[in-house]
2 protein chains.
Amino acid sequence: MSPKRAAVRQATPQLLERVAGRFRALAEPARLAVLHALEDGERSVSELVERTGLAQGNLSKHLQQLYAAGFVTRRRDGLFVQYALADDGVLRLCALMCDRLDEGVEAERAVLATAKRR
Amino acid sequence: MSPKRAAVRQATPQLLERVAGRFRALAEPARLAVLHALEDGERSVSELVERTGLAQGNLSKHLQQLYAAGFVTRRRDGLFVQYALADDGVLRLCALMCDRLDEGVEAERAVLATAKRR
DNA sequence: AGAGCGTACTCCGATACGGTAATATCCGCA
DNA sequence: TGCGGATATTACCGTATCGGAGTACGCTCT
C-alpha cells in the first residue's frame with residue numbers, strides 16, 4: 001500500500017530538517033507581524049512597510065523567507081508586488097500556538113522560580 | 001465584554017515575541033527528534049540520549065528549552081528524571097506542518113529556480 | 001531611451017544559538 | 001557520610017541570523 005497518506009512518517013534527519021525550517025520561518029516576531037498584516041487580504045510591500053514599521057530592505061528579506069517556506073504567495077501587479085497568505089494553515093498554526101500560551105504561563109512561572117532559586 | 005476567549009488578539013510586540021519564542025523551540029531538528037522520541041510515552045534523559053544520539057549535555061539544554069516552552073513535563077523518578085509530552089498540541093502542530101511540506105515542494109522548486117536564475 | 005518609483009540583493013557589524021568538553025549538583029545506597 | 005550514577009550547568013568556539021545602509025534590478029510612463 002505504501003501509505004503516502006497521513007500515516008506516521010519516519011523521522012529521518014532530512015524530514016526533521018525540513019520541518020524545523022518551516023518552524024524557523026515562524027520563529028521571528030517580524031515575520032509573524034507580516035503574516036498578521038496579511039490576515040485581511042493581499043498587500044503590496046509598501047503597504048506592509050506601513051503596517052509593520054519594518055524597513056523596506058529588512059521586510060523584503062523576511063518576505064523571501066516566508067515565500068521560500070511556502071507561507072505566502074507572490075504576484076506582480078504592475079509596479080507593485082502583492083503578497084498574500086498561501087492558505088489558512090498559518091493561521092491555524094498560530095491559533096494553536098496562542099492557545100498554548102495561556103496554559104503555559106504556569107510552567108513559565110515555574111521555570112523562572114527555578115532560575116532564581118536560592 | 002473583554003473577550004478573553006478565542007477572539008482575535010491584538011498583535012502586540014510582546015505577544016509576537018512570545019509566540020515566536022514557542023515556534024523557535026520547534027525550529028530545531030534536535031528538539032523535534034526529542035519530541036518524536038517522546039511520542040510513545042515518558043522517557044528518562046538516558047533513554048533519550050540513546051534514542052536521539054545526542055550528547056548528554058546538549059540534550060539537557062534542549063530539554064530545558066522544551067520545558068521552558070511548555071512542550072514537555074518533568075518528573076523526578078528516583079535517580080532519573082522522566083520527561084513526557086505536555087499534551088498532544090505539539091503533535092498537532094507538527095502534523096499541520098508536515099501536511100504543508102508536500103504541497104510546498106512546488107514553491108520550493110520555484111525559489112530554487114529563482115536563486116539560480118541567469 | 002531616460003526618469004522615477006517599487007522591490008530585491010549585497011555587504012557589514014552585532015548578537016544569538018548549537019555543539020562540545022569540563023564541572024557541578026542531585027539522588028540513592030552502602 | 002561518602003561513593004557512584006544521572007542530570008544540570010558553565011565556558012568556549014564556530015556559525016547562523018537579524019537589522020541597517022547602500023546598491024542593483026524591474027516596471028511604467030513619456
Give the rounded distance in Å between these two atoms: [atom1] of [X] and [atom2] of [N].
X: A/Leu32; N: D/dC18; atom1: CG; atom2: P; answer: 12 Å
X: A/Asn58; N: C/dC9; atom1: CG; atom2: C1'; answer: 13 Å
X: A/Glu28; N: C/dC17; atom1: CD; atom2: P; answer: 10 Å
X: A/Leu59; N: D/dG20; atom1: CG; atom2: P; answer: 12 Å
X: A/Tyr67; N: C/dC9; atom1: OH; atom2: P; answer: 11 Å
X: B/Leu48; N: D/dA6; atom1: CG; atom2: C1'; answer: 13 Å
X: A/Leu66; N: D/dC18; atom1: CG; atom2: P; answer: 10 Å
X: A/Arg24; N: D/dA16; atom1: CZ; atom2: P; answer: 11 Å

Stepwise salt bridge (Lys or Arg N to Asp or Glu O under 4.0 Å) check, A/Arg92 with B/Asp99: CA-CA 12 Å; A/Arg92 287 209 299 275; B/Asp99 291 346; over 6 Å; no

Nearest to the [X] side chain among [options], which nucleotide is it?
X: A/Leu79; options: D/dC27, D/dG5, C/dG19; answer: D/dC27
X: A/Ala55; options: D/dC18, C/dT7, D/dG20; answer: D/dG20
X: A/Gln65; options: D/dC18, D/dT7, D/dG4; answer: D/dC18
X: A/Phe80; options: D/dG20, C/dG6, D/dT7; answer: C/dG6

Specify the residue among A/Ala30 and A/Asp77 whose closest nucleotide of DNA chain D lies further upstream toward the 5′ end.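 First, find each residue's nearest nucleotide; the 5'-ward one identifies A/Ala30.
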
Between A/Gly78 and A/Arg31, which has a closest nucleotide on DNA chain D that is more 5'? A/Arg31

Validation row: [X], [Y] side chains within 4.5 angstrom (heavy atoms):
X: A/Glu42; Y: A/Arg75; value: yes
X: A/Leu35; Y: A/Val72; value: yes
X: B/Phe71; Y: B/Val34; value: no

So, does [X] get its side chain near the phosphate of [N], meaning an N or O under 4.0 Å from OP1 or OP2?
X: A/Arg74; N: C/dT7; answer: no
X: A/His62; N: D/dG19; answer: yes
X: B/Tyr83; N: D/dA8; answer: yes

Under 3.5 Å: donor-acceptor pair, side chain of A/Arg100, backbone of B/Gly70: yes

Would you say the base of D/dA8 and the side-chain of B/Gln64 have a donor-acceptor pair closer than 3.5 Å? no

With no angle test and no hydrogens, is the base of D/dA8 tied to the side chain of B/Gln56 by a donor-acceptor pair under 3.5 Å?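 A donor-acceptor contact between them is present.
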
Pick the closest DNA chain C nucleotide for A/Arg76 and for A/Lys61 by heavy atoms, then say which residue is nearer the 5' end.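 The residue closer to the strand's 5' end, by nearest nucleotide, is A/Arg76.
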
